[in-house]
Amino acid sequence: MAKAKTKTKSKAKTKAIAPMFGRVAFIGIGLIGASMALAMRRAGLVGTVVACARKPKTRQTALDLGIANEVTKDYAKAVVGADLVVIATPVGTNGAIAKAIAAHLKPGAIVTDVGSVKQAVVDAVAPHLPKNVHFVPGHPIAGTEHSGPEAGFAELFDNRWTILTPLPRTSAKATAKVADMWRKMGANVANMQPEHHDMVLAITSHLPHLIAYTIVGTASDLSGDLKQEVIKYSASGFRDFTRIAASDPTMWRDIFLNNREAVLEILQRFTEDLTAMQRIIRKGDGPALEDTFTRGRAIRRGIIEAKQA
Ligand code: NAP
């Protein structure tokens with residue numbers, strides 16, 4: 001009896017558990033694509049990773065760092081036989097990529113993306129995809145100001161949110177599988193309508209980046225000596241803005257071009273609030289200043305309590 005037990009145990013030990021996705025193709029293997037590949041490997045979710053990038057250096061780095069098993073510069077070749085295709089390039093490229101890969105996708109494959117804008121990506125990608133593949137648009141709310149595969153790390157999504165914006169026709173099973181994948185990669189998952197996502201991100205991410213780029217731009221327009229002093233004496237305020245403003249220019253160009261309406265609406269509200277602050281300072285209204293700053297502090301406390309600091 002005891003012998004039989006041991007035999008069953010060792011049999012179970014040698015039985016390989018199939019990963020969630022046998023073959024995953026990343027179109028774009030920068031900060032987000034590489035971090036996803038590493039997080040998927042950490043969780044044992046993937047067999048073979050194929051990475052597609054334009055630059056030979058990017059492809060070589062993906063191989064050297066063990067992020068990808070195979071690399072190619074050909075979008076169509078990359079997706080052949082893939083169970084999951086992740087589009088992780090600047091959002092302005094997503095429509096052309098969907099068009100190029102459409103005819104080569106495996107029937108039943110899942111296509112997802114990581115774009116920081118959702119409605120424009122849905123509009124650009126969905127019309128190209130065949131009916132026998134499942135499109136589950138997504139956006140991990142995690143990142144750094146660094147770019148390229150060398151910037152990727154497996155822990156990037158731990159305890160961060162990923163928002164999925166499935167289409168009405170997206171199969172619930174495919175959406176659940178992508179959600180499960182993100183949870184196993186360490187993230188929390190929420191579903192949203194794409195246009196609602198774009199409005200939320202306009203305030204939490206796009207406007208702060210616009211302000212950072214503008215403040216740093218104002219400083220860089222200063223004349224010689226003054227500009228040098230800004231750099232030399234940059235206290236935490238300005239320094240923090242420069243970190244945000246170091247983010248990839250192409251990626252951010254595409255975000256503003258593809259989330260125009262939501263950004264303009266939030267910018268209008270912000271401009272009104274800024275004008276109100278101007279008036280408060282001109283009037284020397286101390287209590288109003290203190291009230292605004294106290295509300296700011298409370299928001300920061302809320303972010304810390306939600307463990308998103
Ligand atoms: P990244 O580090 O700059 O990597 C971009 C990747 O896309 C590279 O592999 C690059 O290949 C490729 N690529 C760039 N332009 C391309 C083009 N015109 N055609 C084909 N491939 C192109 O960027 P990332 O930070 O990973 O961002 C990728 C996506 O994630 C973006 O859509 C962004 O909105 C989204 N996102 C970013 C963050 C963040 O904080 N960075 C957070 C959440 C979501 P080469 O190296 O060969 O050029």
Side-chain angles (χ1 to χ4, degrees), residues 25-39 49-65 67-68 71-79 85-101 111-122 124-125 137-158 160-165 182 185 187 189-190 194 197-198 200-202 204-206 208-209 212-213 243-259 262-263 308:
F26 285 91
I27 309 294
I29 195 78
L31 167 71
I32 301 297
S35 297
M36 276 186 78
L38 293 169
V49 170
V50 187
C52 176
R54 300 170 304 175
K55 295 183 190 142
K57 185 175 172 282
T58 306
R59 298 197 294 271
Q60 193 56 48
T61 306
L63 283 178
D64 292 348
L65 296 180
I67 295 163
V71 291
T72 175
K73 62 176 177 182
D74 187 327
Y75 301 139
K77 243 189 215 164
V79 304
V85 175
V86 182
I87 304 176
T89 54
V91 291
T93 65
N94 290 186
I97 289 170
K99 194 174 174 193
I101 63 174
V111 176
T112 189
D113 78 299
V114 295
S116 309
V117 171
K118 293 276 51 93
Q119 188 63 61
V121 168
V122 168
V125 171
H139 177 207
I141 314 293
T144 72
E145 68 279 22
H146 303 296
S147 306
E150 60 279 14
F153 57 103
E155 299 77 20
L156 179 62
F157 311 110
D158 286 353
R160 300 285 169 217
W161 285 92
T162 289
I163 298 174
L164 302 180
T165 62
W182 276 108
M185 286 159 61
V189 180
H197 163 279
D198 290 352
V200 172
L201 268 290
T204 59
S205 170
H206 307 170
H209 274 82
Y213 280 124
R243 186 186 58 72
I244 298 175
S247 302
D248 185 65
T250 310
M251 172 185 141
W252 280 98
R253 177 202 65 194
D254 280 9
I255 289 172
F256 288 112
L257 292 179
N258 286 280
N259 197 21
V263 168
Q308 299 298 311

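Both counts, for ligands and for their atoms, begin at 1 and track the order of listing.
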Non-hydrogen side-chain atoms of [X] and [Y] separated by less than 4.5 Å:
{"X": "Ile32", "Y": "Pro140", "value": "yes"}
{"X": "Phe26", "Y": "Ile67", "value": "no"}
{"X": "Val86", "Y": "Val114", "value": "yes"}
{"X": "Gln308", "Y": "Arg160", "value": "yes"}
{"X": "Val71", "Y": "Gln60", "value": "no"}
{"X": "Asp113", "Y": "Pro137", "value": "yes"}
{"X": "Leu201", "Y": "Val117", "value": "no"}

Do any nitrogen or oxygen atoms of [X] lie less than 3.5 angstrom from nitrogen or oxygen atoms of ligand 1?
{"X": "Gly33", "value": "no"}
{"X": "Leu31", "value": "yes"}
{"X": "Thr89", "value": "yes"}
{"X": "Ser116", "value": "yes"}
{"X": "Gly115", "value": "no"}
{"X": "Lys55", "value": "yes"}

Counting each atom of ligand 1 from 1 as listed, which ones have a heavy atom of [X] under 4.0 Å away?
{"X": "Gly28", "result": "6 (C), 7 (O), 9 (O)"}
{"X": "His139", "result": "43 (C), 44 (C)"}
{"X": "Val91", "result": "32 (O)"}
{"X": "Tyr75", "result": "19 (N), 20 (C)"}
{"X": "Pro140", "result": "43 (C)"}
{"X": "Thr93", "result": "17 (C), 18 (N), 19 (N)"}

Among all protein heavy atoms, pick out the one at the shortest distance from [atom]; state its residue, atom name and that distance to 0.1 Å.
{"atom": "atom 40 (O) of ligand 1", "value": "Gly143 CA, 3.3 Å"}
{"atom": "atom 44 (C) of ligand 1", "value": "Val114 O, 3.2 Å"}
{"atom": "atom 10 (C) of ligand 1", "value": "Arg54 NH2, 4.7 Å"}
{"atom": "atom 45 (P) of ligand 1", "value": "Thr58 OG1, 3.6 Å"}
{"atom": "atom 3 (O) of ligand 1", "value": "Ser147 CB, 3.7 Å"}
{"atom": "atom 5 (C) of ligand 1", "value": "Ala88 O, 4.1 Å"}
{"atom": "atom 27 (O) of ligand 1", "value": "Met251 SD, 3.9 Å"}
{"atom": "atom 26 (O) of ligand 1", "value": "Ile32 N, 2.9 Å"}

Return the minimal non-hydrogen interatomic distance between [X] and [Y], and the atom names on each side.
{"X": "Ile101", "Y": "Ala76", "value": "CG2-N, 4.5 Å"}
{"X": "Ile244", "Y": "Pro208", "value": "CG2-O, 4.5 Å"}
{"X": "Gly138", "Y": "Lys118", "value": "O-NZ, 2.9 Å"}

| query | Between atom CG of Asn259 and atom CG of Asp198, what is the distance when rounded to the nearest 0.5 Å? | reply | 4.5 Å
| note | Distance col, row Met36:CE vs Trp182:CH2, nearest 0.5 angstrom, shows 4.0 Å
Tell me the nearest of [options] to [atom], using heavy-atom distances.
{"atom": "atom 2 (O) of ligand 1", "options": "Gly148, Pro149, Pro90", "value": "Gly148"}
{"atom": "atom 1 (P) of ligand 1", "options": "Gly30, Ala142, Ala151, Ala51", "value": "Gly30"}
{"atom": "atom 11 (O) of ligand 1", "options": "Ala53, Ala100, Ala34", "value": "Ala53"}

| task | Take the angle between the ring planes of His206 and Trp252 and call it parallel below 30°, perpendicular above 60°, tilted in between. | result | perpendicular
| Test item: protein heavy atom less than 4.0 Å from atom 16 (C) of ligand 1 | yes
| task | Pick out which of Thr144, Ile29, Leu156 makes a side-chain contact (heavy atoms from CB on, under 4.5 Å) with Ser35. | result | Leu156
| Heavy atom of Ile27, distance to ligand 1 below 4.0 Å | no
| Using a heavy-atom cut-off of under 4.0 Å, does the side chain or the backbone of Asp113 touch ligand 1, or both, or neither? | neither
| task | Taking Asn258 for its side chain and Val91 for its backbone only, find out whether a donor-acceptor pair lies under 3.5 Å. | result | no
